[in-house]
**Student:** 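Right, I'll just put the structure down here and ask away after.
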Amino acid sequence: MKQYDHTKIEKKWQKAWADAEQYKTPDQVKGKDNFYLLVEFPYPSGNLHVGHWYAFAVPDMLARLHRMNGKNVMYPIGFDAFGLPAENAAIKNKLNPRTWTEQNIAHMKNQIASMGTSFDLSRMVSTIDPAYYKWTQWQFLQFFKKGLAYQKDTPVNWCPNDKTVLANEQVVTRSTSSGQVATCERCGHEVVQKQMLQWNIKITDYADRLVDDLDPLDWPNEIKESQRNWIGRSEGAEIDFPLEIGDNKKYKYVILHGFQSSPDRPRWLWLKSELEKSGHEVVMPSLPNPDDPSEQEWVETAINATTYDENTVLVGHSLGAVTALKVVERLKKPIFRLVTVGGFANREFKDKKRPFEETWKWEFDGEKIRSKTKAITVLHDPKDHAISDAQAKKLADLLGVAVTTGTSTKSHFAGDKEPDVLMWLRPTIRVFTTRPDTLFGATYLVLAPEHPWVALALQHKTVLKNNDEVQKYVDKANKKTDLERQESKEKTGVKLEGIEAINPASGEKIPLFVADYVLSHYGTGAIMAVPAHDERDFEFAQKFDLPIPQVVAPVIHVTKGGDAVREGEPMKKRDAVMAIVKHWEKDEYLCIEWKEFDEIRTFISGGIEEGEDVVEAGKREIAEESGYKNAKFIRSVGQVQFVEFYHQAKKGNVRAKMHYLYFELENGEQEPLSAEEDAKHSIVWKKRDEVRSFLTINEIGLIWDQLEHGNRPYVGAGELINSGEFDGLSIEGAKKKMTAAFGREKKTYRLRDWIVSRQRYWGVPIPIVHCDNCGPVAVPDDQLPVRLPDVEDYLPSGEGKSPLAKVDSFVHTTCPKCGGEAKRETDTLDTFVDSSWYFLRYTDPHNSEQFAENSKQKNWMPIDLYSGGAEHTTMHVLYSRFWHKALFDLGLVADAEPYTRRMNRSIILGPDGQKMSKSRGNVIDPDAVVAQLGADTVRMYLAFIGPYNEVGSYPWNPDGVVGVRRFLERLWKAQQYVQKEEVASLQNVLHKTIKKVGEDATQMKFNTAIAQLMVFLNALEKEKKIGESQWKTLLMLVAPFAPHIAEELWSELGDQTSVHAQSWPEFDPKLMVDDEKEVAIQIDGKTRGTIVLPTAVSKDEIEKQARLKIEVRLKGVKVARVIVVPGRLINFVTTR
RNA sequence: GCCGGAGUGGCGGAAUGGUAUACGCGAUCGACUCAAAAUCGAUUGAGGCAACUCGUGAGGGUUCGAGUCCCUCCUCCGGCACCA
């Protein structure tokens, strides 16, 4: 017999399989179902490491198994070859990223071949291939044309080390000794916040569907939950709080309409009536010749329409806004406020040219305008079809303010009603809350330091009586990042003196604060504070000494003991007081033990009489029940609660609205008790730590905690109180009614839009041309791909511009729309864009007309199983789900979800149980292990190390690898035992093995499947013989796990076909039946012995034999029951 | 703090509510060898001479019977976190 020479065997078969194109997968095979098994394609970092083996070679077992089970399996691979890891390494190695990457790909292709995986290499894709990224660009442009890709000037995360912006998902919050820091997901460097104009993708539009569509997916719960947490949907309501400024001053609103408009449009009539409802005056001149306007006529008409003074709010819409700028320039005295709605100060319209472009003078004196207005608001909708973000920013810069973002019901604020316009004209604060039920308890509002109303109020300088103080606070907050603000949980804030809001439910005037515990980017950047029912608001209210009125009361329904509610009997309502009374000297509390009833021990308590004050009632009850005269009220404890119980003395159910009060006796002065009272109960003094266990009151836990540690806000379930007509409603009921009466339903998300532009060379160029006249314009399809130019200097500049910006020949181009001079976008796309659709390309990898033909996609999509790393749960997996949905909405793919099943892979640690890293010196080089022990050993060891269908982390155990190698050696040597005749004694274990290996491997429990193969080999070695057909069956079972050795041993038998082309063997249940079974004999469930019995024996016989066997033990014991589970156990249950 | 997942020999791990620790590693002893490695054979949860007792993070519960189901708690891992 030859030696087991793994190197020779493995090379031989790898070549044979490649030559025969054995794993080239047809699109369809008659009579076979398609199965699409996907693994995340690797970065071509240069070398395959153990993690790659674990990611590719282990799922390969499933691919091979399914193939033998008659499925047409596609198991593709490619390279995610753009991006920072490759680029940084290229820079380090002083090579061009493309050269470096292509060399790596070539090397890694060879390494992949050495794994013995059944990848279909004819479908290989690479994201750096222009034939691939042409379609990345094309898809991006489809999104751009649909408004899903847009540019936005916002604070972004900038990694100073990688010199590029990062998406929110690519920022990792880490805890350090100095608090939490935001770090770069790739390099670990701390990120900084920068204000920059970046390309965003509107993933937030899909937030709901990304959450809801998770429900039916057959995915592990932890992956779904992580995504839900990341998206962070909150359901609640938006509620508007009108403001009163100063002495409720009334203003004169002068409204200038736009091009082709007039004052009798519904939106202007609506706006006018809304403003007049609030008592303001509205002047709305009709500007002449709206279809062919002239600057002079419009400005003159506007100026002559009325007088302008410090009470005037000048509002201009669209071209009216331009007119308004000109009007203000010419004023002598300053006006109160200038508001532009959909305004602009240059001619760069997003959609088309307009006839007034030439007749207007596009020159403005920003300084003069600023000096003639006390405050300015530039209202802009990012979805405006005509006005770009850049245009709005230009206008805002001219006027020295920030753009205020609003949402129009119809693009360019052209709807019949535009609530956002009204909101920014008539002072209103909009809040988002998940607890609209607590609206009556909203006793103040808190605005984020960045809230536009704060900025607006500060512009005026006179609106806020404490303007300087507020300005100081806002400036201080602006210097801090989100994380820095969170460093101290201590609440800070400043009251906005001179402004009040009106609680729309209670009608009460409530104060406003600015505080940095409210985040500007979440919800509306403003909250209604309900201190009684929110931890943070409670803390703030305590610090600022604000009232904390309770609006939700817990309901306690007594179900145990003598005072349990008697269901079905009427419930009498009453107000009641419970007095906690402390001894005048000792730390003891006054308790009452009722004499006529069992086990009722309470504090002093009783009903509140009509018109009686709660504290008075408490004092009265103390006097009546205990005789003590001098109780001093200290404070109320916890919340008012509804307690439902059976009142034994009054013989009826009572629903008490219970107030808890804390008193301290000033001295022991005491009136003698009446005989009547004395007969009912006795007084007991209990020490502090005894009270809790002594009393029988249900709510004592809640109350006592708050007595000892101070009151806490109540956030649990209950019933509304102090809420007018809403009293008595449950929280859920009140949420609905309150929202309907005072607000609108609203969902808010933690998810933010996906920033996709990167300031690096090695990526897909964003296929956009910037034109001074036309704005950002899509590169036409016939000019795609926009190729990444080969450049000399590809190092990142670090100044927020990609290296492409230095390549004149790339930058300078003509506008595809107007043919004028234009500049190319120089940022590149996040590589997560490349990987958002690669699995579609595998279905039709060589198509030059489409990214993938529809019918070809449908052969394979959706993906049957996608295996990858847990770190991609809220990155690649989320992005690609979004991307697929967006393609789905464009009719470009057939499914809303790309992955039928997703599973996360475990992590292989170094032998020391630590993450493998060069610095730790614990890196296992798979190439070296393969050279020594063979690819089959490495594959099989990785599969054996732990269950593949669960997430864990497994240390690489060098001895364990040797163990698997031993198994293969023994398998090799077992050849010598092969004989013609079948070995009957192996049939049972062989068929059990067929069953278990097939079932376990299908579920990706490769570890137990391999264990069963070992069980069989152990049995075979004991027999020292095996029939040829049985041997062949064994080789088929081994084939998915150790494909080379199985193929070699198979070929030794003279078969010309591949073992991998065989059908998976079938098991015969009849052969798996054991003749005899060991039966456990138990007494009261404890095993007292075992007995071997024929499988077919009757229950009675089992009992007879078992009784015989443990006769001694059963002596003197009375057996009450006997439970027999044939083939497993017999249990004698004794009377105890 | 909220949400998810997991705690089983010396180690990786295995167990449709039915004899806990399959399989592998390690360890101990033996065979082969001058010796070692490799290989083969045997033993291996703890305590006890033994009969036996105790054992799946802790404590309760359901059940004839619980690693498995229910409740409370602890620890570890992952996601989110001043998110209204």
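Side chains included, hydrogens not; waters and symmetry mates left out as well; all remaining heavy atoms used. Naming convention: chains lettered A, B, ... in sequence-line order (proteins, then strands); numbering from 1 in each chain.
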**Student:** Please measure how far the C1' atom in B:G45 lies from the corresponding atom in B:G55, and state the result in whole Å.
**Tutor:** 8 Å

**Student:** Do the ring planes of A:Phe1006 and A:Tyr948 sit parallel (below 30°), tilted (30 to 60°) or perpendicular (above 60°)?
**Tutor:** tilted

**Student:** With both distances under 3.5 Å as the test, what is the Watson-Crick or G-U wobble partner of B:G12?
**Tutor:** B:C23

**Student:** B:U75 pairs with which nucleotide, Watson-Crick or G-U wobble, both distances below 3.5 Å?
**Tutor:** B:A6

**Student:** Work out how far the P atom of B:C77 is from that of B:G59, and round it to whole angstrom.
**Tutor:** 24 Å

**Student:** When the distance from CZ of A:Arg1121 to P of B:C64 is rounded to whole Å, what number comes out?
**Tutor:** 5 Å

**Student:** CD of A:Gln3 versus P of B:A38: gap in Å, rounded?
**Tutor:** 16 Å

**Student:** Work out how far the P atom of B:A50 is from that of B:G1, and round it to whole angstrom.
**Tutor:** 49 Å

**Student:** Expressed in angstrom and rounded to an integer, what is the separation of A:Asn904 atom CG from B:A6 atom C1'?
**Tutor:** 15 Å

**Student:** What is the base-pairing partner of B:U68, counting Watson-Crick and G-U wobble geometry with both distances under 3.5 Å?
**Tutor:** none

**Student:** Using both distances under 3.5 Å as the test, list the Watson-Crick or G-U wobble partner of B:C54, or none.
**Tutor:** B:G45

**Student:** Using the P atoms only, state how far B:A42 lies from B:A22, rounded to an integer number of Å.
**Tutor:** 15 Å

**Student:** Can you tell me how far C1' in B:U16 sits from the matching atom in B:C25, rounded to whole Å?
**Tutor:** 29 Å

**Student:** Nearest to the side chain of A:Glu225, which nucleotide is it out of B:G5, B:C3, B:A81?
**Tutor:** B:C3

**Student:** Compute whether any side-chain donor of one residue and acceptor of the other, for A:Tyr749 and A:Asp208, lie under 3.5 angstrom apart.
**Tutor:** yes

**Student:** If you check every side-chain atom of A:Thr433, which of B:G4, B:A84, B:C54 has the closest atom?
**Tutor:** B:A84

**Student:** Without decimals, in angstroms, what is the distance between A:Lys480 NZ and B:C82 C1'?
**Tutor:** 13 Å

**Student:** If the P atom of B:U68 is compared with that of B:A15, how far apart are they to the nearest Å?
**Tutor:** 15 Å

**Student:** B:C69 and B:A81: how far apart are their C1' atoms, nearest whole angstrom?
**Tutor:** 33 Å

**Student:** Distance between the P atoms of B:C70 and B:C52, in whole angstroms?
**Tutor:** 35 Å

**Student:** In terms of ring plane angle, is the pair A:Phe540 and A:Tyr444 parallel, tilted or perpendicular, where the classes change at 30° and 60°?
**Tutor:** parallel

**Student:** CZ of A:Arg228 versus P of B:G4: gap in Å, rounded?
**Tutor:** 10 Å

**Student:** Within the supplied structure, the quantity of interest is the number of heavy atoms (other residues, nucleotides, ligands) at a distance under 6.0 Å from A:Lys915 NZ; does it exceed 12?
**Tutor:** no

**Student:** Going 5' to 3' through nucleotides 11-29 of chain B, assign each nucleotide B (protein heavy atom under 4.0 Å from a base atom), S (under 4.0 Å only from sugar-phosphate atoms) or - (no protein heavy atom that close).
**Tutor:** -BSSSB-BB--BBSSS---

**Student:** Can you tell me the distance, in whole Å, between the CZ atom of A:Phe538 and the C1' atom of B:A84?
**Tutor:** 17 Å

**Student:** Rounded to the nearest angstrom, tell me the gap between atom CG in A:Asp1084 and atom C1' in B:U53.
**Tutor:** 16 Å

**Student:** Heavy atoms only, 4.0 Å cut-off, all strands: where does A:Val518 land among base, sugar-phosphate and nothing?
**Tutor:** base

**Student:** So which heavy atom on A:Glu535 is nearest to which on A:Pro713, and how close?
**Tutor:** CA-CG, 3.7 Å

**Student:** Would A:Thr204 and A:Asp753 count as having a side-chain donor-acceptor pair, cut-off 3.5 Å?
**Tutor:** yes

**Student:** Does B:A31 have a Watson-Crick or wobble partner in any strand here, with both distances under 3.5 angstrom, and which is it?
**Tutor:** B:U39

**Student:** What is the nucleic acid contact for A:Lys491, judged by heavy atoms within less than 4.0 Å: base, sugar-phosphate only, or nothing?
**Tutor:** base

**Student:** Using purine N1 to pyrimidine N3 plus N6-O4 or O6-N4 for Watson-Crick, or N1-O2 and O6-N3 for G-U wobble, both under 3.5 Å, which nucleotide pairs with B:C82?
**Tutor:** none

**Student:** Short question: side chain of A:Lys480, backbone of A:Arg485 - any donor-acceptor pair under 3.5 Å?
**Tutor:** no

**Student:** Looking only at side-chain N and O atoms, does A:Thr874 offer a donor or acceptor that is under 3.5 Å from a partner on A:Glu169?
**Tutor:** no

**Student:** Counting any heavy atom closer than 4.0 Å, what does A:Arg1088 reach on the DNA or RNA strands: base, sugar-phosphate only, or nothing?
**Tutor:** sugar-phosphate

**Student:** How about NZ on A:Lys746, more than 12 heavy atoms from neighbouring residues, nucleotides or ligands closer than 6.0 Å, or not?
**Tutor:** no

**Student:** Name the orientation of the base relative to the sugar in B:G9: syn if the glycosidic angle is within 90° of 0, else anti.
**Tutor:** syn

